[in-house]
Amino acid sequence: MIAYPEIDPVAFSLGPLSVHWYGLMYLAGFALALWLGGIRARRSGGLWRPEQVSDLVFYGAVGVILGGRFGYVIFYHFDYFVRDPLWLFKVWDGGMSFHGGLLGVLVAMWLYGRSQGKGFFQVTDFIAPLVPLGLGLGRIGNFIGGELWGRASDVPWAMVFPTDPGQMARHPSQIYQFFLEGLVLFGILWWFSAKPRPRMAISGLFLLIYGLARFAVEFVREPDAQLGFIAFDWLTMGQLLSLPMVVMGTVFMVWGYRHHSLVNGMNSDDAAWLAKTRANNSPEPKKRNCPELKQRNSGSKKR
């Protein structure tokens, strides 16, 4: 067994305000997304501008916070919501859900795409590689806070979390998730997105790998006490919510490669958007230098 490195969940205090490591991890995740987004924008060949990334990350942050809270309440504490619908807005009670946050981000990306004249998958394919490191940092926040631990185990690296009432040696499942959902997922997506890919393929790969990683880790993560196992004495809520991600991710990748193949190394919607943008930004010809206008004026004088 490895000794749990007890770290105060409160990073620092400013008078009555306590700043937790979990919140700082969120901020660090958004900062990393901003930095990585700038890199991807500069490599996009004009499809994205670095200054657009800040708006994109802002939309994503709002989606994460609102969707994460909504998902936590609906997916994991629906009984609380039924008894007290206003509990949904009691964010100070804590509680965020990745799957709810994902839904919130998808809505936010759709709204952002509309504002920029971009398609939904144009936006999600761009932002997908920016997400995993933030997810991984969130799991580090869970680990520091001593929450969402794993099931009891006798593996040599098991830990006793001070917040565990039973004081049992458990899997540090937060670290597993940091590695799989954070580092591994980021490495694969960053490599995969370094070259142009068919539309939907990058988004699909994100859903597929995250869904598989989360489904696997749930076998050693302690089920939520208020829910337990959903079915078969082993299926958890996290696994149930991850299954559609695996299915949709597979469908998106297959559909993308079959129906959205690259033309001259570019997606057709990217090419159309780029051509439209360049046409809109091209300067209007000056009237005094327009041959057609000169010919018309000359003809009018003869008459």
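Every heavy atom of this structure was used, including side-chain atoms; hydrogens, water molecules and symmetry mates were not.
For F219, the ring-ring contact (aromatic ring centres under 6.0 Å, His included) test picks out F215, W234, with sequence neighbours left out. Qualifying ring-ring contact (aromatic ring centres under 6.0 Å, His included) partners for Y76, counting only residues two or more places apart in sequence or in other chains: none. Annotation: side chain to side chain contact (heavy atoms under 4.5 Å, CB included) contacts of V105 (sequence neighbours excluded): V64, M109.
Between the side chain of Q167 and the backbone N or O of F161, at least one donor-acceptor pair lies under 3.5 Å. With hydrogens and angles ignored, the 3.5 Å screen pairs a side-chain donor or acceptor of T163 with a backbone N or O of G146. Using a distance-only test at 3.5 Å, with no hydrogens or angles considered, no donor-acceptor pair links the side chain of S203 to the main chain of M200. Side-chain N or O atoms of W149 include none that pairs as donor or acceptor with a backbone N or O of S173 at under 3.5 Å. In this structure, D8 contributes its side chain and V10 its backbone to a donor-acceptor pair below 3.5 Å. Between the N142 side chain and the Q174 main chain, no donor and acceptor come within less than 3.5 Å of each other.
There is no path of hydrophobic side-chain contacts, each under 4.5 Å, that joins F229 to F232. Grouping the Ile, Leu, Val, Met, Phe, Trp and Tyr side chains by contacts below 4.5 angstrom, directly or via other members, places I2 with Y176. When hydrophobic clusters are built by joining Ile, Leu, Val, Met, Phe, Trp and Tyr residues whose side-chain heavy atoms come closer than 4.5 Å, directly or via intermediates, L148 is not grouped with M237. Hydrophobic cluster membership differs between I65 and Y22, with clusters built from Ile, Leu, Val, Met, Phe, Trp and Tyr side chains linked at under 4.5 angstrom. Taken together through direct or relayed side-chain contacts under 4.5 Å among Ile, Leu, Val, Met, Phe, Trp and Tyr, L135 and F179 form part of one hydrophobic cluster.
With a 4.5 Å cut-off on side-chain heavy atoms, L185 and L180 do not count as touching. No side-chain heavy atom of I188 sits less than 4.5 Å from a side-chain heavy atom of F206. You'll find the side chain of V160 stays beyond 4.5 Å of the side chain of D164, heavy atoms only. Between L56 and I127, the closest side-chain pair of non-hydrogen atoms falls below 4.5 Å. Contact annotation: the side chain of L183 approaches that of L133 to within less than 4.5 Å [non-hydrogen atoms, C-beta and beyond]. Proximity of F70 to L66: side-chain heavy atoms (C-beta onward) are nowhere separated by under 4.5 Å. In this structure the side chain of M159 never reaches within 4.5 angstrom of the side chain of W157, judged on heavy atoms. The closest side-chain heavy-atom distance from P129 to F186 is not below 4.5 Å.
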Pair V123-Q116, side-chain contact (heavy atoms from CB on, under 4.5 Å): steps then yes or no: CA-CA 10 Å; V123 180; Q116 299 295 312; over 6 Å; no
Intermediate values then yes/no, side-chain contact (heavy atoms from CB on, under 4.5 Å), I209 and L189: CA-CA 9 Å; I209 296 179; L189 284 178; 5.5 Å; no
Stepwise side-chain contact (heavy atoms from CB on, under 4.5 Å) test for V53 and L36: CA-CA 9 Å; V53 177; L36 294 172; over 6 Å; no
Worked check of side chain to side chain donor-acceptor pair (under 3.5 Å) between S153 and R170: CA-CA 5 Å; S153 174; R170 296 179 177 275; over 6 Å; no
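Expressed to the nearest 0.5 Å, how far OG of S242 lies from CZ of F98 amounts to 7.5 Å. From H99, atom NE2 reaches atom CG of L241 across 5.0 Å, with rounding to the nearest 0.5 Å. Distance OG/S115 to CG/D55: 7.5 Å, rounded to 0.5 Å. Distance CZ/R40 to CG/L47: 10.5 Å, rounded to 0.5 Å. With rounding to the nearest 0.5 Å, the separation of CG in D270 from OG1 in T277 is 10.5 Å. Distance check, rounded to the nearest 0.5 Å: CG of L130 to CG of L34 gives 9.5 Å.
Heavy-atom minimum distance, Y4 versus P162: CD2-CD, 3.3 Å. In terms of heavy atoms, Y59 sits closest to A108 at O-CB, 3.3 Å. Across all their heavy atoms, R151 and P223 have their closest contact at NE-CD, 4.0 Å. Minimum interatomic distance between A128 and I202 (heavy atoms only, all atoms of both residues): CB-CG2, 4.0 Å.
Among residues at least two apart or in separate chains, salt bridge (Lys or Arg N to Asp or Glu O under 4.0 Å) pairs with a member in residues 137-149 are R139-E181. Screening residues 209-221 for salt bridge (Lys or Arg N to Asp or Glu O under 4.0 Å) gives R214-E218, E218-R221 as the qualifying pairs, with residues at least two apart or on separate chains.
Atom CZ of F30 has more than 12 heavy atoms from other residues, nucleotides or ligands within 6.0 Å.
Note on ring orientation: taking the six-membered ring where Trp is involved, the planes of F81 and F78 are tilted (angle from 30° to 60°). Between Y112 and W48, the ring-plane angle classifies as parallel under the 30° and 60° cut-offs.
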Scan the side chains in residues 243-267 for donor-acceptor partners under 3.5 Å anywhere in the protein, sequence neighbours excluded, and list what turns up.
from: T250; atom 1: OG1; to: V246; atom 2: O; distance (Å): 2.9
from: N267; atom 1: OD1; to: R199; atom 2: N; distance (Å): 2.7
from: N267; atom 1: ND2; to: R197; atom 2: O; distance (Å): 2.8

